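For reference, the structure is listed below as structure tokens.
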Amino acid sequence: MRRIILAGNWKMHKTQEEALEFLQGFMPQIEKTPEDREVVLCVPFTTLGVVSKNLHGSRVQLGAQNVHWEKTGAFTGEISAPMLVEIGARYVVVGHSERRQYFGETDETVNKRLLAAQSNGLQPILCVGESKQQRDAGETESHIIRQLEEDLVGVNQENLVIAYEPIWAIGTGDTCNSKDANEVVGLIRSKLSNANVTIQYGGSVKPDNIDEIMAQPEIDGVLVGGASLSPDSWARIVNYK
Ligand code: PGA
């Protein structure tokens, strides 16, 4: 069975106080959300503690936005999987295009982070997707297949979520046409050994396009940046029709 997973990615937004304010506005709006929808919030490292405490006993799962492959060591600025597990995280975003683009993340380090997340009991959300240039050159398919081949070496597909995030659609308001997104998600599924992996779409998901996106047969959920920052828009997305 493919699970429905709706994950918010706050990126570098919200102080602890702002995070609490968000939860106050958001939590009452998901009392009637169908039980078969997993709701996840991937928050900055500094708000994990306070969000974890406040989500305790609720249906919302906590996620982080990156994880190092070693358990401990001289890696200034990094956070390890046992640290995330202890604080209550269950999910972690790995290989987001912003990490790849701005912080030198490679398919090799993405693979190491995936393996470390899994071996410590975290569920990784692997992000893949093409740039505008690659799409225009007709290289979407070959690029994504290569990313999957390199990122998934040795990775257990029983404990994995994949997010298809076309880079040109992230934070631009330029959503990928839902049928095109559905097609690429189907392509990703055809390359996996486990066809039941939850595959999300991400890139300018908003309250006004969520219903259409979730109506696509291959798409099992969404990874949402900007529209997960306000309680009302995130609740509307989680309560898609
Ligand atoms: P966006 O970001 O929803 O703001 O486009 C999506 C993401 O980067 O995960």
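Each ligand, and each atom within it, is numbered from 1 in the order the structure gives. Note that the coordinates shown come from a computational prediction; the quantities given were computed from them, not determined experimentally.
Taking 4.0 Å as the cut-off, G171 counts as a neighbour of ligand 1 on heavy-atom distance. For S204, the closest heavy-atom approach to ligand 1 falls below 4.0 Å.
In I170, the parts holding a heavy atom less than 4.0 Å from any atom of ligand 1 are both the side chain and the backbone.
Side-chain contact of S178 with E212: a donor-acceptor pair under 3.5 Å is present, judged by distance alone. Looking at S131 and Q134, their side chains do bring a donor and an acceptor atom within 3.5 Å of each other.
Each of the following atoms of ligand 1 lies closer than 4.0 Å to a heavy atom of N9: 9 (O). Remark: ligand 1 atoms within the under-4.0 Å shell around heavy atoms of G203 are 5 (O).
Backbone and side-chain nitrogen or oxygen atoms of E98 are examined, and none is located within less than 3.5 angstrom of a nitrogen or oxygen of ligand 1. Polar contact with ligand 1: present for H96 (N/O pair, distance under 3.5 Å).
Summary of contacts: the protein heavy atom closest to atom 3 (O) of ligand 1 is G225 N, 2.8 Å. Of the protein's non-hydrogen atoms, K11 NZ, 3.3 Å is the one closest to atom 2 (O) of ligand 1. Looking at atom 4 (O) of ligand 1, its nearest protein heavy atom turns out to be G226 N, 2.9 Å. Atom 9 (O) of ligand 1 has its closest protein heavy atom at E165 OE2, 2.7 Å.
Between K132 and D136 there is a salt bridge, since a side-chain N of the basic residue sits under 4.0 Å from a carboxylate O of the acidic one. Between D151 and R113 there is no salt bridge, since no side-chain nitrogen of the basic residue lies less than 4.0 Å from a carboxylate oxygen of the acidic one.
More than 12 heavy-atom neighbours from other residues, nucleotides or ligands sit within 6.0 angstrom of CD on E139.
S204 contributes a side-chain N or O that, together with a main-chain N or O of G173, makes up a donor-acceptor pair within less than 3.5 Å. D174 places no side-chain N or O within 3.5 Å of a backbone atom of A169 that could act as its donor or acceptor partner.
Using a 4.5 Å cut-off between side-chain heavy atoms of Ile, Leu, Val, Met, Phe, Trp and Tyr, with links allowed through other members, V185 and I167 fall into different hydrophobic clusters.
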